[in-house]
Amino acid sequence: MKKLHWLRRTGAMLFAFGIGAAITGNVPDWLKAAYVTAVFGLVLIYDFAEYDTKKPTEGAD
């Protein structure tokens, strides 16, 4: 559960950074690409961590 907590916290920080960058309006293209990549990677890691937390039932098809 600690891993999910840190992933949620990181997601909240990325969200706050994205809002701040959008408000300023002066964001370089490389930072936009890095931001999208970081968010996508966070979602992938979160999915894997959530899958590991929820154990599949035995005998399920």
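Residue numbers count from 1 along this sequence. Since the structure is predicted, the reported quantities are computational estimates derived from the model, not experimental observations.
Considering only heavy atoms from C-beta on, Leu31 comes within 4.5 Å of Phe17 through its side chain.
Closest heavy-atom contact between Ala49 and Leu7: CB-CD1, 3.8 Å.
Follow the hydrophobic side-chain contacts under 4.5 Å out from Leu14 and you reach Val27 in the same cluster. In terms of hydrophobic clustering, with Ile, Leu, Val, Met, Phe, Trp and Tyr side chains grouped at heavy-atom distances under 4.5 Å, Val39 and Val36 are assigned to different clusters.
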task = Output, in order, the C-alpha distance, side-chain angles, deciding distance and verdict of side chain to side chain contact (heavy atoms under 4.5 Å, CB included) for Ile45 and Phe40.
result = CA-CA 9 Å; Ile45 293 169; Phe40 185 70; over 6 Å; no
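Within the structure, the side-chain hydrogen bond (donor to acceptor under 3.5 Å, both in side chains) test picks out the following pairs touching residues 29-49 (sequence neighbours left out): Arg8-Tyr46.
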